[in-house]
There are 4 protein chains.
Amino acid sequence: MVSAKVRSVFAVLGACYLALVVQTPAQAQALAITGATVIDGTGKAPVSDATVLILDGRIKAVGRSREVSIPGSAKKIDARGKYVIPGLIAGVNLVWYHPNSATLAKFDGRYDELIVEAAQVALKNGVTGGFITWKSHGPARKARDLIRAGRVPGADVFVGGNIIGFDGMYSPDSLGEPGMHVTKTFAKRINEEWEQGTGRRLLWMTDDEVRTIIRGYVEKQDLDFIKYAANAHWMQGGSLTAQFISFSPRVQKAIVEEGHRGGLTVQAHTMTVEGIDMAIEAGVDILTHGEITGPTAIPDDTIRKLLERGVAVGVLPITQRNLDARLKDTTDAFTDFQVIAKKNRRNMIKAGVTLMFGTEAWLKSAEDAAEFTSADTVEPSLHSQLGQAHFNALMALEEEGMDPMTLLKTATSNVARAYKLGDKIGGSIEAGKKADLLILDANPLEGARNYRSLRTVIKDGKIVDRDALPLAPLVTSRPH
Amino acid sequence: MVSAKVRSVFAVLGACYLALVVQTPAQAQALAITGATVIDGTGKAPVSDATVLILDGRIKAVGRSREVSIPGSAKKIDARGKYVIPGLIAGVNLVWYHPNSATLAKFDGRYDELIVEAAQVALKNGVTGGFITWKSHGPARKARDLIRAGRVPGADVFVGGNIIGFDGMYSPDSLGEPGMHVTKTFAKRINEEWEQGTGRRLLWMTDDEVRTIIRGYVEKQDLDFIKYAANAHWMQGGSLTAQFISFSPRVQKAIVEEGHRGGLTVQAHTMTVEGIDMAIEAGVDILTHGEITGPTAIPDDTIRKLLERGVAVGVLPITQRNLDARLKDTTDAFTDFQVIAKKNRRNMIKAGVTLMFGTEAWLKSAEDAAEFTSADTVEPSLHSQLGQAHFNALMALEEEGMDPMTLLKTATSNVARAYKLGDKIGGSIEAGKKADLLILDANPLEGARNYRSLRTVIKDGKIVDRDALPLAPLVTSRPH
Amino acid sequence: MVSAKVRSVFAVLGACYLALVVQTPAQAQALAITGATVIDGTGKAPVSDATVLILDGRIKAVGRSREVSIPGSAKKIDARGKYVIPGLIAGVNLVWYHPNSATLAKFDGRYDELIVEAAQVALKNGVTGGFITWKSHGPARKARDLIRAGRVPGADVFVGGNIIGFDGMYSPDSLGEPGMHVTKTFAKRINEEWEQGTGRRLLWMTDDEVRTIIRGYVEKQDLDFIKYAANAHWMQGGSLTAQFISFSPRVQKAIVEEGHRGGLTVQAHTMTVEGIDMAIEAGVDILTHGEITGPTAIPDDTIRKLLERGVAVGVLPITQRNLDARLKDTTDAFTDFQVIAKKNRRNMIKAGVTLMFGTEAWLKSAEDAAEFTSADTVEPSLHSQLGQAHFNALMALEEEGMDPMTLLKTATSNVARAYKLGDKIGGSIEAGKKADLLILDANPLEGARNYRSLRTVIKDGKIVDRDALPLAPLVTSRPH
Amino acid sequence: MVSAKVRSVFAVLGACYLALVVQTPAQAQALAITGATVIDGTGKAPVSDATVLILDGRIKAVGRSREVSIPGSAKKIDARGKYVIPGLIAGVNLVWYHPNSATLAKFDGRYDELIVEAAQVALKNGVTGGFITWKSHGPARKARDLIRAGRVPGADVFVGGNIIGFDGMYSPDSLGEPGMHVTKTFAKRINEEWEQGTGRRLLWMTDDEVRTIIRGYVEKQDLDFIKYAANAHWMQGGSLTAQFISFSPRVQKAIVEEGHRGGLTVQAHTMTVEGIDMAIEAGVDILTHGEITGPTAIPDDTIRKLLERGVAVGVLPITQRNLDARLKDTTDAFTDFQVIAKKNRRNMIKAGVTLMFGTEAWLKSAEDAAEFTSADTVEPSLHSQLGQAHFNALMALEEEGMDPMTLLKTATSNVARAYKLGDKIGGSIEAGKKADLLILDANPLEGARNYRSLRTVIKDGKIVDRDALPLAPLVTSRPH
């Protein structure tokens, strides 16, 4: 088999990487970042001339330089004039690889490597963690575990499995029938990998039946969170004339309860105001792209409800510049919905809803880039290209009225808190926390554009060799 | 215009009919049916040697022959050895004309005549009333009003307008895009006639917005009841892999409240157990084809809930013989769902849920008949052919365990009561009620097959000239 | 049946018309047009102060007024200052009614009436004859015979049956599968009416097999000419990436020989230069839309061959103004092909190829008009609307370099000569010819726009009551 | 890039193979097969107790053992009791790899390796040569050259480029539009690789234009033969209701002349009797699957013409057993056409037309095998599986009446002669010929089943290590 051979190549490269980069725990050396202005991501005021001391992958101490004592053996980074912030965390789908038959067939058996590649592209650009759903679970968890174990570098990925209620790629929820493009056998296998028994057939079931299935799914799948379809998927019906609801209130409640029972947060894929309302009532923790509500803006009542129930909302912000280009470029209804989405984000920002930034960016090949040439190239860099898109998302939120400190939280501690992943995730610079942080040349509180002034990425307490990433790209180009 | 010319022809024929058949109110003559066994449809025991006295289209008296005095001027029907029951009433869609582009184009501007034709075919076969939804409203109401005013004979039709939440014929809810088959202009016009502003776009809206629209719709449309989509339509998504929900609980509640506020009963199109549960919670009066729940049988809890809340369920029963033929003939999932539907009806019958019989039968042309040759010809007469289908439906319910008295109610008083249409509808043989009744040669309590022993149909107190119906058929054949 | 009733209405109207308009042969009265400039359509110089004497539907004499003696009983038309020319004859498809399922279903059983309507709209506007193919044969011949017998007014229609090698409307040659739009039974019936056994299945056959079929077809169908597919139809393959050939040289030859053997001219549907070459080699008399050759202009050699073999070419000219609008309006390849078509017409005009003007205009309803709003409304009147389109076609040929006298022949005697229909067709003002002629206010030799100055239409020697046409329109509006 | 890495793996494996297997020319050792019955493939009677002496990859001598002197240094194979015949040569498409998007994407950049794999599977099973068309040319030629140079083992492949007149994989000629399955950029690239400028657009052109293009194509593409579409492809129109012709007679002639001018034989893809007739008239050397003529059997006249013009016909024989299974299994028209095809082969065999056996077998993966489970598994081995299918094809021809000696020629010398490839191809055991031959345990003249008794394969004078093939399979399983 191809994959076997290539996999061994990959294993060799991985081994090389491990030999060169990974420090064994026994020889753990302290790392001190000194002289910087630290903005810790919790909302507290910046501390100038501060020191962050890191040991064993964790933050040992942070504070005024004079208050933090640095062991003699510590490696030091002189960060005077610079800014230290937590590593960024994408609150919704960290990455999507081109979801077509070509990608699925070409990388069949190697989806884990695609996710590792994505995690490396993200990490290189300051994103130290992100969330993944509606992909092949096994490979996603494998990538997660390799990164978590330090065997390959990469942003942490947290795996949410299927979007409960969606069928796999070869279904009306995505590519439709396989036709002559792939074999039926392949399509069936892919669908099963995606669905893990939690696909569309659940829509026929009673709350008790769904509860039983979700309980088994949560127990078996080793997930970091779960996600379900409060609304149906876009593809449904091939038109945007309507947006259906997937589950009754009591089924939604059963899903949420089973997620919580398994110690996981639960998020909902929503597409309408009513979908949001039902998800809130069902007790979800998080809404995915909660600002996309078709032609109807979210009413104040619903925004208030989000606030009161403490539901966090993952958003996919785009700049006005990008939106204008899209509006000029296409007449499709979805673009009109983006106008409403932008309005919804403004209103939620104003009201103080807890937002989490995200992009659903793509791991783009050269051929993909040639394919998508118009609106998404308006931004200084490709809007939806993994590694660049998040900078644009931050600028979009700024433009929508978010204050600088909230913006930082939206990209760091808000996400960590909403997902309740404890020690597994960073999000703030506090003693005891995971040492995922960034050193910037310019002050992010003086403009979202300054997130681009990225100088150094530290993940799990170690300086990332950004130039080397991605190590073994399958889709994107090798670094040069 | 064609229709103008033909319409005038029709008017002439109608006028002839009126001249021949209609008695003017001034000359109202009493009608007495004597010597019959009367089964009044309320569930009371049959009364033998009974007389039914009719005046001015209403039942003046009913009772033992010796207890009812007959005016000398009364016309008498000697019904010794025969059985008198209320006229049958179809509790769900009385008729569907072949819903394709050919029918829509051919009878464009004449849909009212199609409904009159259907009402006449029904009446000829003992169905004195029925309910109509998801058609062009104006023509449906026109047909209703012509019949109600006695200007043309026919079963009473009660009009329910759009299935709120469904788009019209040229949408994913039915025929899809018009393609090259009809003009876009025509498709748009048909859709608007169907939807009357209550189509799929409501799925994007909040409860307040939907409430406002339904209020206006109820006020404006002069309907006899309203119906909404608790579940989406079959067509949705082009597959039976899932069945979506159309509206959130609070939107469903808004629709129900606005129907009730307008003095109308509200029914729901349901397709899943969860759809049923949500409709019950929203307060609906009636479920349409409530026994069709895909691959999942209705649980006992839900059946209990139907009983407790007094929700009536319109059903579309088919015989085992018919079902076996279908199962042999096709592998489509919908046929498998019929197996579950049959089980659901058995269970609801056993539990005592108020059922209403129905057929959604077609007004079939010879060409339609040639088109559908297999399973639906298994029955002694065409299963789904208007005028015959209801006899099979009654036999199916009997076979599913319904006792004879309940069966009669299911076809008469249950329907009348559920729809709360008061004087406008018959359903039982009681003094003061609308005089819609049938004389049978054989006792319907001794076997559902005896409903076929139809001898005489009386509608609004007058004997129907069955041989003359339908008067001016467009689709079916002329009587000979 | 509807049609039966309506048909009788139509019969009544027809009878009225006959009573009012038709003069019985016994009482035939001579008609003399005096003082006009006669341009006889043969190419001879105009004769001023001329008289045309008509008797029994034929031209009795034509010449200088002083040379033609007029019977005292003759009805006289003083045409001083006016121009008399032969009635125009459309050399290719006179009319197309909207070829969709709506039209087919709505007028099922009445296609003859549609053709009569078209013939009346054409006649009203100066077109006294035209050719019809690829429609239901029986109705087309019925319309032809009604008009030929003088039972209804209308342009003469000459019927060419199927385009041999094309399947009917519900095939890849036109609307494709019927889907849910019409019944399969209907689709099958329509296809059979169209094909008459000469559809696509002939493409599988040997020359001998095809010869036998065409012989039977010619013998049985009572046609005025035959037509076959040298090239496949546009629809084929759903794309314009290629244009196939339908028949081998020897099969084409067999078809042509069998047409000639039956005394009929044979024409070919061509779409490529190679298709044209094969048709010429096979011995065809006429090419339909011979100027449409995709992206490849007709080479000089091929134009020469057309000249040498005396093949007449039916064309569908459009003005530059119209073409420019289309080019602006659409990016579809077919429009680009129109640029080449225009060039081809210019080159054929220059070389002296015998052209025949045509339009393939539509009998448009108001709903059709609403459907097609852009490019085809550029002209002073709708370009492709029957009754107007031919005026534009004449202007287009003028603009493409055709001299005025050839232009007149292209619209009259060229067509008559090419089809070899003898007495059945007019085309020139010569003694003994069919008396189909027009009186114009302005000189057509001074500008193609002057064809619009139509004052009087004479068909079969009688003055047409243009204001009354169409008599009983089904699709277009009634005259007012 | 994946392919780069994998390619290097392949290069390593290839190098290993070369090191182990390939003998350098300098050390050429004679090889003598002694004591066998030699059936030389030319039609001459078998020679028993014969010796074949091989030197430098060529047959040095063949004859009675006592007449052939063997050098002392020669390696000897004692073949007493065995049968030596020429290596088999597949006269039409040697192989097809699963032509779907999955294969195209997965092996993008490695199609040469797929062809090498196919050539190795073929060689292992006694097929020492075969012909390839309608694939990506560059990779096909690369595979050919690697094998020809002895750098990898494999049956010789001879490359015919595009089927002139067909578009590539993402066109109506195959998979249709790419949809969401692959990018448009990829589809365009694949199409261009397939077409090399000779696709469907040629159907619009004149003979001169096509001639110029084919001249350039022949000069540039380094092909072993050329092939053009006399008929269109099956896919065309999505139905089997018709089969079109691609090119006019003069265009076909131009293509044939340009092939011949470049020293290449020319073959035609035909699908109808008329397509065959036109191809013969155009002067082709070979017909591909010439026995497939839809529902019309090839008439005697046409068979005679094939004989007289010496046109060789590549066929795809299937056994009656296989055909019966297919007929039972499916109702598709193509299967009915196979009944006619079988009849055509019988008739051509009877008449003595030069046939060449072939299979168009697939290089099947396990997933492909799971996909195609019915009719094609009827045979002792998979009918259409590369490496097995040719044995069935030989049995089918025997069953259709072909005598044993002609059968051998049909699989060897007939093919070699028809393609006129001289020294590059084997096909007979004669002095000076390429030393491609097989040693069988059983006499092939005593039954086609005996071809399966394959003992030894000798290619280019060397014994093939059959157990090692395929060396580096991408699609099939590794040998074990």
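Per chain, numbering begins at 1; letters A, B, ... match sequence-line order.
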Next on the checklist: Report which part of N231(C) has an atom under 4.5 Å of a heavy atom belonging to chain D: side chain, backbone, both, or neither.
Outcome noted: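 For N231(C), neither part sits under 4.5 Å from chain D.
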
Item to check | Least distance between heavy atoms, A232(C) atom then F244(D) atom | outcome: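 Closest approach of A232(C) to F244(D): CB-CE2, 3.3 Å.
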
Next on the checklist: Tell me which of these, T272(C), T206(C), V273(C), L202(C), has more heavy-atom pairs under 4.5 Å with chain D than the rest.
Outcome noted: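 When all of T272(C), T206(C), V273(C), L202(C) are compared, T206(C) has the most.
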
Item to check | chain C contact residues among residues 249-258 of chain D, heavy-atom distance under 4.5 Å | outcome: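 Hits under 4.5 Å: P249(D), R250(D), V251(D).
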
For [X], is it the side chain, the backbone, both, or neither that has a heavy atom closer than 4.5 Å to a heavy atom of chain C?
X       : answer
T302(D) : side chain
D277(D) : side chain
E209(D) : side chain
D301(D) : neither

Checklist entry - Of I292(C), L287(C), V92(C), I163(C), which is the lone residue that meets side chain to side chain contact (heavy atoms under 4.5 Å, CB included) with H269(C)? => result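 Only one of I292(C), L287(C), V92(C), I163(C) forms a side chain to side chain contact (heavy atoms under 4.5 Å, CB included) with H269(C), namely I163(C).
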
Checklist entry - Which one of Q221(C), Q196(C), E193(C), E195(C) satisfies the side chain to side chain donor-acceptor pair (under 3.5 Å) criterion with H137(C)? => result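 Result: among Q221(C), Q196(C), E193(C), E195(C), Q221(C) is the only option passing the side chain to side chain donor-acceptor pair (under 3.5 Å) with H137(C).
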
Next on the checklist: For residues 286-300 of chain C, which residue pairs pass the salt bridge (Lys or Arg N to Asp or Glu O under 4.0 Å) check, not counting sequence neighbours?
Outcome noted: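 Pairs touching residues 286-300 of chain C that pass the test: E291(C)-R345(C).
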
Checklist entry - Going by distance alone, is a donor N or O of one side chain under 3.5 Å from an acceptor N or O of the other, for D285(C) and H260(C)? => result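 Short answer, yes.
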
Next on the checklist: I'd like to know whether NZ of K343(D) has more than 12 heavy-atom contacts from other residues, nucleotides or ligands below 6.0 angstrom.
Outcome noted: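 Count not over threshold, so no.
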
Checklist entry - If you measure from CD on Q243(D) to CG on L203(C), what distance do you get to the nearest 0.5 Å? => result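 If I round to the nearest 0.5 Å, the distance is 8.5 Å.
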
Checklist entry - By salt bridge (Lys or Arg N to Asp or Glu O under 4.0 Å), which residues pair with K188(C), not counting sequence neighbours? => result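 E192(C).
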
Checklist entry - Residues in salt bridge (Lys or Arg N to Asp or Glu O under 4.0 Å) with R346(C), at least two apart? => result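 Not a single residue meets the salt bridge (Lys or Arg N to Asp or Glu O under 4.0 Å) criterion with R346(C).
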
